[in-house]
Amino acid sequence: MMQSVAVIGAGAVGLSAAVNVQQALPGVKVTIIADKFDEDTTSWGAGGMFRLDLDYHPKEEHRRVRSWATDSWNFYSNLAHSDQTEASGMSFVAGTLLYNVPKEHSYSVMSDLTFDFQMLNQDQLKKLNPRVSHKYGYSFSTLLTHTGTYLKWLMKQFLDLGGSVQCRTLSNISELQDDFDVVVNCCGLNAAQLCQDRHIYPVMGHLLKVKAPWIKKFFWSEEFYMFPHNNYILLGGIREKDNWSTVPDPAIRETILSRGRNLFPHLKDAPIIGEWVGLRPGRPSIRLELELLRSENKRALPVVHNYGHAGDGITLSWGCGVEAARLVKQVVTAATSRL
Ligand SMILES: Cc1cc2nc3c(=O)[nH]c(=O)nc-3n(C[C@H](O)[C@H](O)[C@H](O)COP(=O)(O)OP(=O)(O)OC[C@H]3O[C@@H](n4cnc5c(N)ncnc54)[C@H](O)[C@@H]3O)c2cc1C
Ligand SMILES: *[C@@H]1O[C@H](CO)[C@@H](O)[C@H](O)[C@H]1NC(C)=O
Ligand SMILES: *[C@@H]1O[C@H](CO)[C@@H](O)[C@H](O)[C@H]1NC(C)=O
């Protein structure tokens with residue numbers, strides 16, 4: 001019997017899970033169901049920097065998060081070193097991260113994965129930028145994802161492997177009960193409605209796209225960051241918990257610009273060419289687990305939840321897809337062996 005799997009969501013998390021299920025279970029039919037695609041998703045707008053701060057994850061999850069990050073890193077860096085660099089939107093960028101507290105422990109995954117992780121002393125920090133007042137700095141090369149390009153690349157992989165797509169809004173996962181054997185739920189922030197998950201909350205962010213081709217390196221601090229993409233630089237650093245607004249606010253735009261110009265006066269010459277507000281799917285910990293959804297008079301529907309990636313959804317999406325596919329495979333294999 002041919003099994004059929006539905007993946008809810010066409011963001012980075014859903015597309016990655018869908019391709020991983022196809023690769024882990026050739027012959028299984030995979031359908032992506034989503035009501036938002038491409039530029040309407042949060043994933044499309046994300047900054048795309050590969051960064052993992054373990055302090056944002058509960059201690060008991062560190063082992064899993066580390067393995068997701070490692071699987072993602074290996075996959076992305078292979079792409080960045082292959083002939084798929086341009087098509088997949090994956091490339092390397094060097095830069096610096098600044099803090100006022102020591103962070104080498106919570107960045108241990110990054111220091112393991114990168115080849116050049118280095119802690120900077122005060123003297124080096126002043127040479128980097130005489131205007132910074134941060135106490136701690138770390139420099140390394142990391143992956144930068146051009147998220148729009150990457151989503152398109154993932155969708156092409158999915159379609160080439162025989163996947164199909166349905167554009168529709170689900171109001172309850174149990175609507176999929178009759179048509180699918182297993183569901184992978186990658187609905188992001190919408191888990192607040194779809195799963196009535198009380199733990200999920202928005203963390204609003206605001207990005208400015210500016211023209212500043214003289215900037216070649218990433219810079220990251222909690223208040224202000226910039227990522228150099230091919231034809232523009234993204235400026236950001238806004239994190240507003242529990243704010244559902246997706247309308248660009250001129251006051252926040254000014255905050256980003258003034259924080260940026262304080263450190264990099266040359267940003268005054270960088271024209272703004274775009275602006276975007278997005279909501280990170282915040283949660284105390286990522287939900288990646290199997291649930292058997294029971295409803296009356298019907299078999300239980302296996303659902304692999306995969307949502308709540310907050311500010312790490314590009315970084316962790318591939319690795320979480322690997323684990324989601326492993327869980328789907330367990331369910332499918334168990335079902336087949338019962339026949
Ligand atoms: C300003 C900002 C900067 C960021 N920078 C970075 C960064 O540098 N690095 C990083 O790793 N991450 C970053 N992120 C975080 C990243 O964007 C998210 O973690 C990630 O996009 C979450 O992906 P997702 O696939 O879970 O959700 P989404 O991209 O939001 O996709 C959700 C999908 O689920 C579908 N869906 C939901 N509910 C339903 C339903 N009921 N019926 C049908 N379909 C449904 C939607 O249609 C959509 O396709 C940033 C986020 C913001 C806001
Ligand atoms: C979904 O529908 C089922 C019945 O089919 C119901 O028990 C459940 O509460 C609904 N879930 C949500 C989140 O509304
Ligand atoms: C949310 O952000 C908007 C835009 O910046 C702002 O006008 C509003 O006051 C904020 N709301 C809350 C609840 O903080």
Under the ring pair (Phe, Tyr, Trp, His ring centres under 6.0 Å) test, which residues partner [X], sequence neighbours left out?
X      : answer
His81  : Phe92
Phe180 : none
Phe140 : Phe117, Phe218
Tyr307 : His305

For Asp53, all residues meeting salt bridge (Lys or Arg N to Asp or Glu O under 4.0 Å), sequence neighbours excluded: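 Here the qualifying residues are Lys103.
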
With sequence neighbours excluded, residues passing salt bridge (Lys or Arg N to Asp or Glu O under 4.0 Å) with Glu275: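 Salt bridge (Lys or Arg N to Asp or Glu O under 4.0 Å) list for Glu275, sorted by chain: Arg253.
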
Donor-acceptor contact below 3.5 Å, side chain [X] vs main chain [Y]:
X      : Y      : result
Ser43  : Gly11  : no
Arg64  : Leu288 : yes
Asp181 : Gln3   : no

Residues which pass side-chain contact (heavy atoms from CB on, under 4.5 Å) with [X], listed by chain and number, not counting sequence neighbours:
X      : answer
Trp44  : Asp38, Glu39, Thr41, Leu151, Lys152
Gln330 : Leu327
Arg63  : none
Thr70  : Arg66, Asn74, Leu113

Partners passing side-chain hydrogen bond (donor to acceptor under 3.5 Å, both in side chains) against Trp318 (at least two apart in sequence or in another chain):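 Not a single residue meets the side-chain hydrogen bond (donor to acceptor under 3.5 Å, both in side chains) criterion with Trp318.
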
Linked hydrophobic residues, Tyr201 as query - side chain contacts closer than 4.5 Å: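 Other cluster members: Val203.
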
